[in-house]
Structures are given as C-alpha cells and as structure tokens.
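Report on one structure; see the data block that follows.
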Amino acid sequence: MEHYRLAACDIKTVVLPKGKFLYDQHDEPDCFYFIVSGLVSLQRLLLNGKEVMSRVYKTNQYFGYRTLLSGQNYHVGAKALTDLTLERVVVRDLDQFFQENPKFVRYLFSEMATELRHAEIRLSKMSTHSVELRVIDSVIDLVTADVGYKWTYREIAAYSGCSTETVIRVSKKLKNSALMHGENTNKSFELEKLQQVRTQLALGEKL
C-alpha cells in the first residue's frame with residue numbers, strides 16, 4: 001500500500017507498547033493514523049462486558065479517518081496487538097486537506113467502500129453461517145491479516161462473534177483434522193487446506 005505524502009496537516013510519530021489503547025470508545029477524534037509497523041485491532045465493548053473485534057489493521061495501512069470525516073465520536077477503541085510505531089496525522093482544515101490531497105481522498109473513498117462491503121458480508125455470515133464456518137472464516141481473515149501474529153482463542157472469538165469456549169471446541173476439530181498445529185499462543189494453521197474445508201462447509205458438508 002502506498003504511503004502518501006500529505007499536505008495541509010501536521011504529522012507526528014507515536015510509539016505505543018503492546019496491549020495499550022491508542023484511543024477509547026466514545027473518545028472525540030482529532031486525527032487519523034498510518035501504521036509504520038505493528039498491528040492494531042478495533043474493539044467495541046458491549047453493555048454485557050463482552051468485547052467484539054470489528055477490524056484489524058497492519059503495517060502500511062491508514063485507519064481512524066472514517067470517524068474523523070463523520071464528525072462523530074469513536075464507536076470503537078483502537079488497541080495495540082503488538083508494539084506499534086505510528087504516524088499521527090492532524091488535519092488543520094478539512095476543506096483545504098481535501099483540496100491539496102485529491103489522490104489520497106480518492107484512496108480514502110475506495111477504502112471506505114471496501115470496508116463497508118467487508119462489514120456487510122461479515123454481518124450476513126452471522127445469521128446464515130454455522131458457528132464452525134464463522135470461526136474458520138475468522139481464522140482465515142486474521143491469519144491473512146498477519147501470518148506471523150499468534151492469534152489467541154479469545155481474539156478469534158471476539159472477531160467471529162462467539163464465545164472463547166466455542167472457538168476452543170472448533171479448534172480441537174481443526175487439530176484432529178490436521179488443519180491446526182499446536183495450541184494456545186503456539187498454534188498455527190494450514191491456511192490453504194482451511195480455505196478448501198471452508199468451501200466444503202459452505203456447501204453443507206460436515207467438519
């Protein structure tokens with residue numbers, strides 16, 4: 001992904017350790033971010049105390065611009081899944097920023113359309129797909145986002161919209177089928193085989 005040279009803004013490097021929140025749900029936005037290195041998850045805390053992971057961003061991606069452009073507060077928090085190095089982009093004047101960065105603005109519109117499409121597809125899966133298929137889809141999405149990161153059962157559950165116990169149960173089936181190796185934070189997945197099994201499950205076959 002291209003790293004744009006932006007005008008009409010102030011850019012500052014920010015370093016954040018693993019596990020810390022860059023901003024919290026309901027905070028007021030005053031900037032957006034570019035990830036120089038690291039991994040970020042967008043997380044929403046529900047009224048029942050459950051965390052839902054809605055999106056993951058990796059090195060060389062921008063995030064936080066949707067809320068800034070909407071003029072609303074953050075509806076999710078941003079958590080560092082790894083140690084992070086970021087560029088914090090503060091827009092001085094939105095109209096001037098749009099005028100002086102037309103290529104970047106077109107990129108933002110394209111990214112927002114892509115993210116909306118992705119969100120709509122995930123929402124449809126929540127009501128139409130089995131739990132096993134949702135967990136496998138989540139594993140594929142997360143491992144594809146960062147193959148080197150060791151995704152926990154809890155993180156997979158937060159992304160797939162089910163309980164950690166359910167993810168552990170499905171993971172045991174994956175391990176028995178040689179689709180997953182190891183356990184806890186040392187597990188790895190056979191991504192190509194998982195994608196084949198995902199297609200079979202979508203056609204009604206059993207895991």
Do side-chain atoms of [X] reach the backbone of [Y] as a donor and acceptor pair under 3.5 angstrom?
X	Y	value
R198	D137	no
S110	R106	no
R88	C31	no
N101	F104	no
Q25	L45	yes

Query raised in the report: How about S130 and E132: does a side-chain donor come under 3.5 Å of a side-chain acceptor?
Result: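 The answer is no; no qualifying pair exists.
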Search all heavy atoms of [X] against all heavy atoms of [Y] and return the closest pair with its distance.
X	Y	result
T59	S37	OG1-CA, 3.4 Å
Q195	I140	CG-CD1, 3.8 Å
F32	L6	CZ-CD1, 3.9 Å
Y153	S171	CE2-OG, 3.4 Å

Query raised in the report: Tell me the salt bridge (charged side-chain N to carboxylate O under 4.0 Å, His left out) pairs involving residues 139-148, sequence neighbours left out?
Result: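 Pairs touching residues 139-148 that pass the test: none.
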**Report entry** R169 side, atom CZ; L174 side, atom CG - distance, nearest 0.5 Å
**Finding:** 11.0 Å
Query raised in the report: What is the distance from atom OH of Y33 to atom NZ of K12, rounded to the nearest 0.5 Å?
Result: 10.5 Å
Query - From V14, L39, V15, I35, residue fulfilling side chain to side chain contact (heavy atoms under 4.5 Å, CB included) relative to L84 - result: I35
